Novice: 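There's a structure below that I have some questions on.
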Amino acid sequence: MKEKLFEKILIANRGEIALRIIRTCKDLGIKSIIVHSTADTESFPVKFADSAICIGPEKSMQSYLNIPAIISAAEVSNAEAVHPGYGFLAENSEFVEICKQCNLVFIGPDSTVMNLMGNKSNARDTVKKAGFPVIPGSDKVIETIEEAKSFAKKIGYPIIIKASAGGGGRGMRVVNNETELEVAFNSAKKEAMEAFKNDSIYIEKYFKYAHHIEVQILADKYKNVIHLGERDCSIQRRHQKLLEETPSPFLNDKVRNEICEVAVGIARAVNYENAGTIEFLVDEKKNFYFMEMNTRIQVEHPITEERTGIDIVKWQILISAGYKLPFKQQDIKFIKHSIECRINAEDPDNNFMPNTGKIINCHFPNGIGVRMDSYIYEHYDVPPYYDSLLGKLIVSGYNRREAISRLNRALDEIIITGLKTTIPFHKKIINNIDFIDGNYTTNFITKLLSKGV
Amino acid sequence: MINEKIKNTIRDLIWLADETKTNFVSYADNEIKIRFRKAFQNKEIIIPEIKETAEKTEKKEEVLSQPKKIIKSERVGFIYLISTKTKRYFVNEGAAIKEGDILAVINSMKIEYPIKSPYTGKIKRIFVDNAQPVEYGQTLFEIE
């Protein structure tokens, strides 16, 4: 494949990630076309893209998930490629296939790899067969409640139910004993159907105290596969990541190298192409198990960009256009320590209840080591139809201590009024002694909340 | 002679549009006002059109604030006001129409979707040009 950069890219997403992609398009001199729902007409992505096409009403099913409307928009705008962002159609292999048939380059892996790795139980099988460690769990989709019961008994409680097509914590349920199982099973199925148009679920052993560590991969069309290091995403509330950092304060260099090597091995084993993330669960003894692969850009990708200085979205685009990675693994320099806080429109004092409405004041922090990826602005009316992520505060420093100081400084500077946000909660996280010591697991938020903060 | 003048002006505008590779030109003086827009053949020039059309439609909608019988696009695609069978416009401004009459077709992913009038009345205004791209919610027709 001969490299030729795209002239126009259509962005099939909204919010901060749409803006993130528009920015890299501008850096590369590529025209960006944003598709949007009627609820997002006043949004920054619509204002800052080179052109905008309204594709449907507020509900995502009729707009951001409306494949014919998106393909038509690409047709009328003469776009050559589609960037799906994360969520929505980012891991929908049917969409990838339709793009291909319509001569549109999908910025991401092809549908075969996506089917293999995007579907969690297929991914597990593949990784297991390739000889890499996986979490004990059902090797296939669990169809009935009886099947679920007998399997859970076999591996022992607690277990976790997950959606095969899922991500972002949706369709997931932790089950501590058999009496909880039936309700959890049915509601997980229902939620999976609503979120991903696919209600298949599977079961895994659940580790109560674990570390969620993922490795960023870049792979071109010429079998060059490199990693950009790991991200520690253990700070989660109900499987929703709140704060991520890189490098992980939990790993030592030996395990860090091993886990990154295994991630590269997995990407090679499936002939992966483009940017991807391999998620691992790491237990207290630093044994790690493959959990899943995300075949798309991740929300928390900026911390890796800040740590390494590599624009991941840029490489997603260039790889899709047939460019070869110009750097080898040894060229990647891991310099900074970087931390991201997800600023959600949620009320931490009221069980993280999402709230929407008009933003009154909005001021973003600045200064050395501070980056804010957000799409909101003063007087912007946050629509109630989509997720609650308003933006991401990303700080970096030469070591963890410097990064945490800067994070404190930036969280003090940030002003968002009119809506309740997770900003005050982030202050509590980063000033907690366990966090400062780098001593935390996926149980951290539960523990923090139980202390009544 | 005003007719001769219009004819010459149109000729000049076509020449100007070709020469400058633009697709929209206009001319106005005390007597006449001509707006000339090329139908899309070349896809390269489509992008600026979309924003322009959208903005214009919004402005028009503000002016026409009382409840109107407006027909909006329900999909994204190219709109065709001219029937491929008869090679004639489905309807013109001022034409009397009945509920269910086809006013245009939208071509979306190579499938043609007819736009049928939900009203009986008269076409007061057509807001789009033949073969132009339309987005969801774009105002297409006003019926009176």
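We name chains A, B, ... by the order of the sequence lines, and we start the count at 1 in each one. Since this is a predicted model, take the numbers as computed values, not measurements.
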Novice: Counting only heavy atoms from other residues, nucleotides and ligands, does the tally under 6.0 Å from CD of Glu144(B) exceed 12?
Specialist: yes
Novice: Heavy atoms only: give me the nearest Cys54(A)-Val76(B) pair and the separation to one decimal.
Specialist: O-CG2, 3.5 Å
Novice: Looking only at heavy atoms and a cut-off of under 4.5 Å, which of Gly56(A), Ser63(A), Ala73(A) has the most pairs with chain B?
Specialist: Gly56(A)
Novice: At what distance, to the nearest 0.5 angstrom, does CZ of Arg75(B) lie from CD of Gln62(A)?
Specialist: 12.0 Å
Novice: Within a 6.0 Å radius of atom NZ on Lys116(B), are there more than 12 heavy atoms belonging to other residues, nucleotides or ligands?
Specialist: no
Novice: When rounded to the nearest 0.5 angstrom, what is the spacing between SG in Cys102(A) and NZ in Lys110(B)?
Specialist: 6.0 Å
Novice: Can you give me the closest heavy-atom contact between Ser108(B) and Pro68(A), atom names plus distance?
Specialist: OG-O, 4.5 Å
Novice: Determine the minimum heavy-atom distance between Thr38(A) and Tyr136(B), stating which atoms define it.
Specialist: CG2-CE2, 3.6 Å
Novice: Can you tell me if CD on Glu58(A) sees more than 12 non-hydrogen neighbours from other groups inside 6.0 Å?
Specialist: yes
Novice: Give the intermediate values and the outcome of side-chain contact (heavy atoms from CB on, under 4.5 Å) for residues Met109(B) and Ile98(A).
Specialist: CA-CA 11 Å; Met109(B) 290 178 82; Ile98(A) 293 170; 4.2 Å; yes
